[in-house]
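Note that the structure is predicted; figures quoted are calculated from it, not measured. Computation of the quantities below employed the complete heavy-atom set of this structure, encompassing side-chain atoms and omitting hydrogens, waters and symmetry-equivalent molecules. Proteins come first, then strands; the chains are lettered A, B, ... in the order of their sequence lines, and each starts at number 1.
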2 protein chains.
Amino acid sequence: MSQVVIDAIDRKILKYLITNARMPFLEIARKCGISGAAIHQRIKKLDESGVILGSRLVVDPKMLGFDVCAYIGIRLQDVSILMQTVDRLKQIPEIVECHFITGTYNLFVKLYCVDNEHLMTTLCDRILAIPGISTTQTYISLNEAFQRQIYVDCLHD
Amino acid sequence: MSQVVIDAIDRKILKYLITNARMPFLEIARKCGISGAAIHQRIKKLDESGVILGSRLVVDPKMLGFDVCAYIGIRLQDVSILMQTVDRLKQIPEIVECHFITGTYNLFVKLYCVDNEHLMTTLCDRILAIPGISTTQTYISLNEAFQRQIYVDCLHD
DNA sequence: TCTGAAACGATTGAACA
DNA sequence: TGTTCAATCGTTTCAGA
């Protein structure tokens with residue numbers, strides 16, 4: 001996949017915004033030692049080049065009443081229907097993540113439900129209703145120990 | 001887990017910010033038909049009550065050079081070291097998510113690596129170096145079909 | 001819980017080094 | 001790429017309903 005040239009200042013900008021998407025550009029500017037307008041221009045470039053995909057508020061699912069988080073591995077009868085299956089999965093709002101994977105399953109999804117009953121109806125009435133699914137395995141997350149973003153500094157320093 | 005009373009306006013505010021954490025409060029105010037000050041007060045309340053955990057810039061891992069995304073299921077020899085193991089996993093920057101789960105594994109992590117070699121060294125030199133790990137299984141994500149946030153409207157309307 | 005007003009700070013675009 | 005400047009717009013707080 002195409003890459004983009006990102007220098008130390010870009011990485012610093014990303015690092016700040018990855019932990020707080022609403023950090024004022026002027027505050028970043030002060031920390032980076034350049035002007036606010038320069039930060040603005042760099043962020044615009046990062047945005048246009050596709051490095052920045054967007055920003056999100058992070059909410060606590062449990063506080064909103066979603067007490068159950070689960071991962072489901074999905075095995076298809078026939079890999080040719082992979083894309084159609086993804087489209088069907090996308091229509092299920094409880095599913096927040098969907099991956100193509102190697103190994104025992106073809107697809108792997110993450111979802112949030114209100115309770116176990118909600119998980120069961122989502123699995124049985126919505127997911128298993130999709131034609132071509134051979135088997136599934138559900139892994140219930142008892143607790144999310146942590147969740148964070150990529151550590152940009154892992155890269156070429 | 002404790003829940004909080006959230007009305008339709010709160011849900012509308014969250015809905016906007018979940019897809020764009022930098023949306024100006026005044027714009028939300030216009031869409032909700034109340035003043036900017038009221039939006040500010042509501043967001044402050046949602047923040048203080050723990051519904052809002054923070055905000056994040058979403059970056060494309062591939063654009064930053066992280067070509068490999070994987071999930072690893074981890075089985076421990078002894079569940080009593082669960083918390084210590086989480087602490088050790090937290091120190092590995094490549095790991096972005098860590099769950100306690102039911103089933104075949106005790107822990108389940110998501111990580112990003114630069115390439116397969118990086119994945120292998122992270123697994124062998126860092127993860128398997130943690131004492132008490134019995135077995136692991138790695139699922140490589142060939143592609144993330146989609147990733148999004150909880151759909152707030154799943155709830156009580 | 002809302003509003004409007006006022007003060008302050010941030011964003012954005014243009015012109016230029 | 002960077003800078004400064006100026007206009008516009010957003011944020012935040014407070015008093016009061």
So, do B:Arg42 and B:Lys45 sit near enough that their side-chain heavy atoms are less than 4.5 Å apart? no

Report yes if the side chains of B:Lys12 and B:Tyr16 come closer than 4.5 Å at any heavy-atom pair, otherwise no.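 They are in side-chain contact.
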
Identify, residue by residue, the members of residues 35-51 of chain A with a heavy atom below 4.0 Å from DNA chain D, and return them in order of residue number, or none.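 Within residues 35-51 of chain A, the residues near DNA chain D are A:Ser35, A:Ala37, A:Ala38, A:Gln41, A:Arg42, A:Lys45.
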
Length of the [atom1]-[atom2] vector between [X] and [N], whole Å:
| X | N | atom1 | atom2 | answer |
| --- | --- | --- | --- | --- |
| A:Asn20 | D:dT11 | CG | P | 13 Å |
| B:Met23 | C:dT11 | CE | P | 16 Å |
| A:Lys12 | D:dT1 | NZ | C1' | 17 Å |
| A:Ile6 | D:dT1 | CD1 | P | 12 Å |
| B:Leu26 | C:dA6 | CG | P | 16 Å |
| A:Lys31 | C:dA10 | NZ | P | 13 Å |

Membership question, hydrophobic clusters at under 4.5 Å side-chain separation (ILVMFWY): are A:Val59 and B:Val152 in the same one?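 They do share one cluster, since a chain of ILVMFWY contacts under 4.5 Å joins B:Val152 to A:Val59.
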
It should be established whether B:Arg30 places a side-chain nitrogen or oxygen under 4.0 Å from OP1 or OP2 of nucleotide D:dG10.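 Checking D:dG10 against B:Arg30, a side-chain N or O does come within under 4.0 Å of OP1 or OP2.
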
C:dT11, OP1 or OP2 - any side-chain N/O from B:Arg22 closer than 4.0 Å? yes

Test: side chain to side chain donor-acceptor pair (under 3.5 Å). Region: residues 70-82 of chain B. Which pairs qualify, not counting sequence neighbours? A:Glu97-B:Tyr71, A:His99-B:Tyr71, B:Asp78-B:Ser80

Flag the pair B:Glu144 and B:Lys110 as a salt bridge only when some basic side-chain nitrogen lies within less than 4.0 angstrom of an acidic carboxylate oxygen. yes

Between A:Phe25 and B:Ile34, name the one whose nearest nucleotide on DNA chain C is closer to the 5' end.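 Counting from the 5' end, the first nearest nucleotide belongs to B:Ile34.
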
Report the relative orientation of the aromatic rings in B:Tyr105 and A:Tyr139; use parallel for angles under 30°, tilted for 30 to 60°, perpendicular for over 60°.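 It falls in the parallel class, under 30°.
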
